[in-house]
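What follows is a short report on a single structure.
So you know, we letter chains A, B, ... as the sequences are listed, proteins then strands, and number each from 1. Note that the structure is a prediction, hence the values are computed from the model and not measured.
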2 protein chains.
Amino acid sequence: MDQRINEVNGYLVSIFNDVLMIEERTLQMSQFKDVSIKEMHTIDAIGMYQEHTTSEVAKKLGITVGTLTVSVNNLVRKGYVDRVRSETDRRVVQLALTKRGRLLYRLHDKFHRDMVKETINEMGEKESEVLMQGLKNLHGYLERTKEQLPD
Amino acid sequence: MDQRINEVNGYLVSIFNDVLMIEERTLQMSQFKDVSIKEMHTIDAIGMYQEHTTSEVAKKLGITVGTLTVSVNNLVRKGYVDRVRSETDRRVVQLALTKRGRLLYRLHDKFHRDMVKETINEMGEKESEVLMQGLKNLHGYLERTKEQLPD
DNA sequence: AAATATTGTTTGAACATCAAACTATTTGAC
DNA sequence: GTCAAATAGTTTGATGTTCAAACAATATTT
């Protein structure tokens with residue numbers, strides 16, 4: 001049992017590191033060299049479809065609003081994000097991707113989907129169901145742990 | 001199938017973010033408030049047992065040697081890491097954890113192990129085997145992807 | 001012995017992050 | 001309706017992270 005725990009733990013850690021590393025390198029090799037991995041995640045959190053406020057995106061990313069403002073300044077300057085003041089509440093800023101931002105979003109999304117697709121294709125229907133259940137358990141445990149943390 | 005991919009992908013992303021967030025918050029609440037999550041991973045890469053050179057640790061972390069030198073400066077100042085010049089090759093620096101560094105290492109390791117243990121305990125022997133197989137597949141795919149990247 | 005290679009450090013520039021002070025706007029209390 | 005309080009976002013100062021490039025010290029090769 002202890003052995004199993006170490007093995008699963010090891011795979012998880014490796015997977016985390018590899019995904020980040022591959023994402024980062026892939027970006028640097030693409031036409032989007034001016035985007036860091038953190039900026040990529042900000043673009044991902046802003047999302048393709050609806051507009052989202054600064055506060056919403058900051059919460060989703062788990063960073064402060066101030067940090068996001070700075071990052072969005074850079075992304076606007078580089079042409080990936082648009083800032084739009086809300087008409088109904090002039091305090092609110094809606095964030096949205098530019099055309100170029102959406103192009104990058106789709107590229108990144110494809111990387112993620114291909115990664116998972118490849119894994120699942122090697123497994124049967126039943127195994128992939130169990131894998132998902134395992135991830136769901138892990139996710140549930142983490143959500144419960146998060147709730148126990150102060151504020 | 002497409003739905004399954006989205007679900008697995010979603011869980012993976014959430015798990016990544018949650019683990020990082022929980023690790024960070026747990027550190028801030030502990031007696032180790034002066035250690036960031038990045039520094040924690042550096043401590044983890046230096047490891048409990050053998051000494052490792054600066055180059056080895058940098059490679060493991062996927063950062064440049066220069067970046068590691070700066071980070072190790074801080075960790076030495078804060079009392080978590082010792083630098084020892086190799087006797088056999090005076091260019092080489094061996095990195096090792098101090099007593100306090102080892103204490104933190106064990107705390108972090110326990111967090112990881114508890115996280116996985118909880119998940120596995122909720123599953124039967126067979127399911128945990130399948131979960132591991134899934135993670136192994138994913139890991140294999142990532143390793144192959146990594147090899148295809150230039151240097 | 002001199003040229004070359006290796007190991008690590010330093011430095012300058014850009015980004016990431018937070019907390020706290022600040023501005024603009026909206027909401028609520030009276 | 002006005003004024004106080006709350007809310008949304010920005011700015012700023014401090015610290016950390018990261019890389020590339022220049023550098024220093026040491027080891028290896030020729």
Side-chain angles (χ1 to χ4, degrees), chain A residues 17 20-21 23-25 27-29 32-46 51-78 80-96 151, chain B residues 17 20-21 23-25 27-29 32-46 51-78 80-96 151:
Chain A
N17 292 337
L20 275 181
M21 202 262 261
E23 284 189 340
E24 188 132 41
R25 292 263 206 102
L27 271 178
Q28 290 316 304
M29 284 161 38
F32 302 105
K33 289 188 217 315
D34 60 347
V35 178
S36 75
I37 186 69
K38 296 278 185 180
E39 288 173 327
M40 182 65 249
H41 289 149
T42 300
I43 286 170
D44 191 70
I46 290 172
E51 299 189 331
H52 294 285
T53 69
T54 301
S55 296
E56 284 166 358
V57 174
K59 187 173 179 191
K60 194 165 171 185
L61 289 169
I63 60 181
T64 62
V65 179
T67 299
L68 184 58
T69 293
V70 174
S71 179
V72 167
N73 287 344
N74 292 327
L75 288 170
V76 168
R77 181 172 48 75
K78 294 177 188 170
Y80 293 96
V81 174
D82 279 334
R83 261 194 187 104
V84 186
R85 278 278 166 191
S86 161
E87 281 306 313
T88 55
D89 183 339
R90 305 279 307 144
R91 292 169 305 180
V92 171
V93 170
Q94 302 282 350
L95 299 175
D151 64 88
Chain B
N17 292 337
L20 275 182
M21 201 262 262
E23 283 189 340
E24 187 131 42
R25 293 266 206 100
L27 271 178
Q28 290 317 304
M29 285 161 37
F32 302 105
K33 290 187 216 316
D34 60 346
V35 178
S36 75
I37 186 68
K38 295 278 183 180
E39 288 174 327
M40 183 65 249
H41 290 149
T42 301
I43 286 170
D44 191 70
I46 290 172
E51 299 189 333
H52 294 285
T53 70
T54 299
S55 296
E56 285 166 357
V57 174
K59 187 172 181 193
K60 194 165 171 185
L61 289 168
I63 59 181
T64 63
V65 179
T67 299
L68 184 58
T69 294
V70 173
S71 179
V72 167
N73 287 345
N74 292 325
L75 288 170
V76 168
R77 180 171 48 75
K78 294 178 188 169
Y80 293 96
V81 174
D82 279 335
R83 261 195 186 103
V84 186
R85 279 276 166 191
S86 161
E87 280 308 314
T88 55
D89 183 340
R90 303 282 303 147
R91 293 170 305 180
V92 171
V93 170
Q94 302 282 349
L95 299 175
D151 62 87

Rounded to the Å, how far apart are Leu20(B) CG and dT17(C) C1'?
14 Å

Within the pair Thr64(B) and dT18(D), is there a side-chain N or O less than 4.0 Å away from OP1 or OP2?
no

Glu51(B) CD - dG8(C) P separation (whole Å)
13 Å

Using only side-chain N and O atoms of Ser55(A), determine if any of them is under 4.0 Å from OP1 or OP2 of dG9(D).
yes

Taking C-beta and beyond as the side chain, do Lys59(A) and His52(A) meet within less than 4.5 Å on heavy atoms?
no

Non-hydrogen side-chain atoms of Leu20(B) and His41(B) separated by less than 4.5 Å:
yes

Between the side chain of Arg85(A) and the main-chain N/O of Arg91(A), is any donor-acceptor distance below 3.5 Å?
yes

State, yes or no, whether a side-chain contact exists between Val72(B) and Thr54(B) at a heavy-atom distance under 4.5 Å.
no

Of the options dT17(C), dG8(C), dT18(D), whose atoms approach the side-chain atoms of Val93(B) most closely?
dG8(C)

Atom pair distance, as rounded to whole Å: CD in Gln28(B) and P in dC18(C)
10 Å

Heavy atoms under 4.0 Å is the rule here; annotate nucleotides 25-30 of chain D 5' to 3' with B where the base is hit, S where only the sugar-phosphate is, and - elsewhere.
BBS---

Do Glu24(B) and Leu27(B) come within less than 4.5 Å of each other through their side chains, counting heavy atoms only?
no

Checking all strands, does Val65(B) fall into the base, sugar-phosphate, or nothing category for heavy-atom contacts under 4.0 angstrom?
base

Is there side-chain contact between Val81(B) and Glu39(B), with heavy atoms separated by less than 4.5 Å?
no

If you round to the nearest 0.5 Å, how far is CG of Leu95(A) from CD1 of Ile43(A)?
11.5 Å

Can you tell me how far P of dA20(D) sits from NZ of Lys33(A), to the nearest Å?
13 Å

Under 4.0 Å between a side-chain N/O of Arg77(A) and OP1 or OP2 of dC15(C), yes or no?
yes

When the distance from CG of Asn74(B) to P of dT18(D) is rounded to whole Å, what number comes out?
12 Å

Choose from dT11(D), dG9(D), dT9(C) the nucleotide whose nearest atom is closest to any side-chain atom of Thr54(B).
dT9(C)

Length of the CD1-C1' vector between Ile63(B) and dC15(C), whole Å
16 Å

Given that Asn73(B) and Gly66(A) both sit by DNA chain C, which one's nearest nucleotide is further toward the 5' end?
Asn73(B)

Quick check on DNA chain D: between Gly62(B) and Gln94(A), whose nearest nucleotide comes earlier from the 5' end?
Gln94(A)

Can you find a heavy atom in the side chain of Ile37(B) that is under 4.5 Å from one in the side chain of Met21(B)?
no

Side-chain donor-acceptor pair under 3.5 Å between Ser86(A) and Thr88(A), yes or no?
yes

Name every residue in residues 34-43 of chain A that has at least one heavy atom under 4.0 Å from any atom of DNA chain C, in order of residue number, or write none if there are no such residues.
Ser36(A), Lys38(A), Glu39(A)

Under 4.0 Å from OP1 or OP2 of dT17(C): is there any side-chain N or O of Thr67(A) that close?
no

Can you tell me the distance, in whole Å, between the NZ atom of Lys59(B) and the C1' atom of dT7(C)?
15 Å

Counting C-beta onward and ignoring hydrogens, is there a side-chain heavy-atom pair between Gln94(B) and Thr53(B) closer than 4.5 Å?
yes

To the nearest angstrom, the CZ-P distance between Arg83(A) and dG9(D) comes to 10 Å

